[in-house]
Amino acid sequence: MVRITEAAQTYSFSRRAVVLGAAQGAVGMVLAGRMAWLSVVENEQYKLKAESNRVNNTLIPPRRGWLLDRSGKPLASNRTDFRVDLIPDRIVDKDKLLAELTRLLNLAPEDLARIETDLKRAGGFRPVQVVENLDWDRFAAVLVRQPELPGVAPTRGYARHYPLGAGVGHLIGYVGTASAEQFKADKDPLLVTPGFKLGKDGLEKTLDHRLRGKPGAKRVEVTAHGRPVRELETRADTPGESIKLTIDAGLQEYVARRLGTNSGSAIVIDVASGDILSMVSMPSYDPNSFSDGISQLEWKMLSEDDHVPLMNKVLQGLYPPGSTVKPMNGLALMAAGVSPHDRVVCSGALRVGNGVFHCHKKGGHGPLDLKNAIMQSCDIYFYEMVRRVGYDAIAPMARMLGMGQKFDMPFTTQRYGTVPDSAWKLKKYHHPWTVADSLNASIGQGYVLANPLQLAVMASRLASGKILVPRLLSNGPSGAQPLPVSPEDLAIVRDAMYGVINGGGTGGAARMYVQGVALAGKTGTAQVRRITMAERRTGVLKNGSLPFKMRDHALLVCFAPHDNPKYAAAIVLEHNGHTVRNLDTPLIGRDIMTYLFDRDQAMKTLAEVEPTWGGDYTTRMAAQSAAFRAAQATPPPPAPEDTEEAASSLADQAANSTADSTKRDVAPTGSVEGD
C-alpha cells in the first residue's frame, strides 16, 4: 500500500499549478497578441467597416455632357429630376411596399405591371425605376417616409431632355439604365446606381465615353437601423464633355415637320465643308419617352407600325436609286467617250433578245441628246448608251461619287448598298453579267442599291466638283480633293439638272420662288414590284390603288443655287408613289431649300399645309397614341428589357425587307418615272 505523504501532495500541487499557470499565460499571450493584431495591424480594415456601419457612401451619377447644334443650341440637355427607385435586394415586403407607393405616388395599374416585370428581371442588384419627373410634393412625401420603406431610394438628380423630341430620335438616340449583361461584363458599380443612365442608341451611344462624366459621392451618417442622422461632406461629380455637331437645329426641326406623314428620310449637306446640316428619318420615336422608360403600350405601337419608326432610314434603309443616278451615269458615259450631242431615238420601248424594256413615257420622247435625256428622264437613251459602253464603265464613276461607299460616321449601324459590276455578280451569284443587268442598272434598278446618305453625298459631289466627305462632329476633318472629271462634262450635267427643275423637265414642281436662287436636281421613282406585260396591255395600276407596301419609292437629289452651289440634299420617301402632291419629293425638296435662303417664306408654306396632315409630328404622335390606346382590347405584352437590341432587330428586319424587294426579276419592267 502506497502512502501519500504531505511532501508528495505539496509537490504534485505545485507541478499542476505551474502547468495550469503556463497554460493560462499562453492563452493570455494569444489573446493579447490577437488583440494587438486586431488593434494595430488590422486597425484600418475594421475602422473602415465601423465607418461603413456609421456612414452610407452613395455614388452620385454624373451629369451627361450636352449635345449642341452648330450654333450652340441644345439638342440633348439635362433638367432637374425627382425620381423614386427600388433596390430589389433591400425590399422586405414587396406587396406592402408597392401598395404604400401606389398610395403616395398615385401609380397606375400599368405602372405597377411594369414595376413587377422589372423587379423579376433585375436579379437583386439593379435598381428598378418606380417613377421619374416627380413634382416636389410627392417626392417629399416619399422622402420623409424613407425609413419606413426599406428598398425605396428617392433621388434628386438630372434627367436627359431632348427639346426637338422625335425630330432627333434617330440622330441623337436616347439613354437608359444598364442591362444585366452590361453590369456583369463591366462590374462597374456606377451602372447600378439609381438615376444613372448610359447611351443606348444613336450619338448618345457612340459618344457615351465622352458624354458620361465621372461620378461624385455622398456620405450620410446613419443609425444602426439605417435612419439618416446628418449629411457629411460630398464629392461633386464631374460633368461629361459637351459636344458640338454640324447640325442646324432649326433646319432639323423643319425637315422633320416637312416630311409630314411620309415614311422616309432627308439629308442636307453644306457643299463647302461636307457638314451635315440635317439628318432626319421619319416617322421616329420620342427619345424622351425611351429615356424616361417606355411603356408597354407605346412599345407595341412602335414595333407594329408598318412605317417602321424604330428604323434609321438614313443609314439602314437601302433603296434602288431610280432615275436619280442618271446625271451620274451621264458623267460616266462622257468619261467613257460618248459625245453629249449624240442622239438616241426613244420610241417608248426597246427590245433586247426576248425582253422588252419600256420607257416611262409610253409613246416615247423621240430623238434626245444627253442633256434632254436627263431632263426628260428618258430610259431608252440610257438603255442604249449603257448597252454600248457596258456597265463596267459606269460603276467606277458611281463609286467615285459615293455610291456603295463606307463613311466614317459616329453610328453603330450602317448599310452600304451595292454598286454592281460583272466581277461582283460572278463572285456573288456565280453567273456572268448580262445585257439585261446593264440596262436595269442604267436607270438605278436591278442590283443597284444605295442608302439616302450616299445619295446626298452624290448630289454634293456633283454640286461641288470635289470628293466631299460628310461629317457630323464640328471638330472633324474637313477639306476635299477635286473630282478627277472634266469640268466641261460636269458643267453639262449640272446644266441638265437645272433643266430638270427649271427647263421643262420632270421636276418642274420643285421650282423655287426665292429671288436669285434656282434649284438643280433630279427626281426618281423606284419600283418595288414587277409589272407584267398583261398589266401593261390593260393599263399599269396607279399607285393610289395599290397597298402601301406595293407603291413605288419616290426620290429627289438636288442642290442650290444652281450656278454657285451652297447646299445639297437627298430625299427618299418609302412607298410614296407620288400620290399626294404636297407630300411628294419635288415640293418637299423645294421647301427645304427655300428654308435655307428664305426662312419666313418656308415657314409660311408649312403653316398652310401642315394642318391638312393632322398637325406637326408631336401632335400626330399624340393622336396616334390615343387612338392606339383606345383600340387595345387586351393588355400589351411587356416591353423587352433591352429596347436597343429589340429595336435594332426590328430595324434590320425592315431594312432586309426593303432591300429584298428589289431582288425580283425586274428586267422586263423598265422604269415608272413619273412627275
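Predicted, not measured: the structure shown is a model, and the values here were computed from it. What you see below is based on every heavy atom in this structure, not just the backbone, and it leaves out hydrogens, waters and symmetry mates.
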* N451 backbone acceptor or donor facing Q454 side chain under 3.5 Å -> yes
* Nearest-0.5 Å distance that lies between atom NE2 in H307 and atom OG in S284 -> 13.5 Å
* Asked: Do any N or O atoms from the side chain of N262 and from the backbone of L583 form a donor-acceptor pair under 3.5 angstrom?
  -> yes
* **Aromatic centroids of Y429 and Y447 separated by under 6.0 Å** => yes
* Hey, which of I172, V168, I247 is the one that makes side chain to side chain contact (heavy atoms under 4.5 Å, CB included) with L67? -> I172
* Report the residue from R511, R258, R599, R257 that forms a salt bridge (Lys or Arg N to Asp or Glu O under 4.0 Å) with D591. => R258
* Asked: Taking atom NZ of K425 as the centre, does the number of heavy atoms from other residues, nucleotides or ligands within less than 6.0 Å exceed 12?
  -> yes
* Examine the side chains of Y285 and D201 and answer whether a donor and an acceptor come within less than 3.5 Å of each other. => yes
* Classify the ring geometry between H575 and H553 as parallel (under 30°), tilted (30 to 60°) or perpendicular (over 60°). => tilted
* Could you go step by step and tell me if D270 and K566 meet the salt bridge (charged side-chain N to carboxylate O under 4.0 Å, His left out) rule? -> CA-CA 6 Å; D270 184 331; K566 293 183 178 180; over 6 Å; no
* To do: Test side chain to side chain donor-acceptor pair (under 3.5 Å) on H578 and T525 and set out the steps.
  => CA-CA 9 Å; H578 308 292; T525 306; 2.7 Å; yes
* Asked: Taking atom types as modelled, is there a side-chain donor on H341 or D369 under 3.5 Å from an acceptor on the other?
  -> no
* Asked: Is the H365 to Y381 ring centre distance short of 6.0 Å?
  -> no
* For the pair T418 (side chain) and P420 (backbone), establish whether a donor and an acceptor sit closer than 3.5 Å, ignoring hydrogens and angles. => no
* Asked: If you draw a 6.0 Å radius around CD in Q515, do more than 12 non-hydrogen atoms from other residues or ligands fall strictly inside?
  -> no
* **Candidates T246, L171, V314 - the one meeting side chain to side chain contact (heavy atoms under 4.5 Å, CB included) with I276** => T246
* To the nearest 0.5 Å, what is the distance between CG (L331) and CZ (R461)? -> 13.0 Å
* Does CG belonging to D563 count more than 12 external heavy atoms closer than 6.0 Å? -> yes
* Asked: Do Y567 and F597 have ring centroids that are under 6.0 Å from one another?
  -> yes
* Would you call D248 and K73 a salt bridge, using N to O less than 4.0 angstrom? -> no
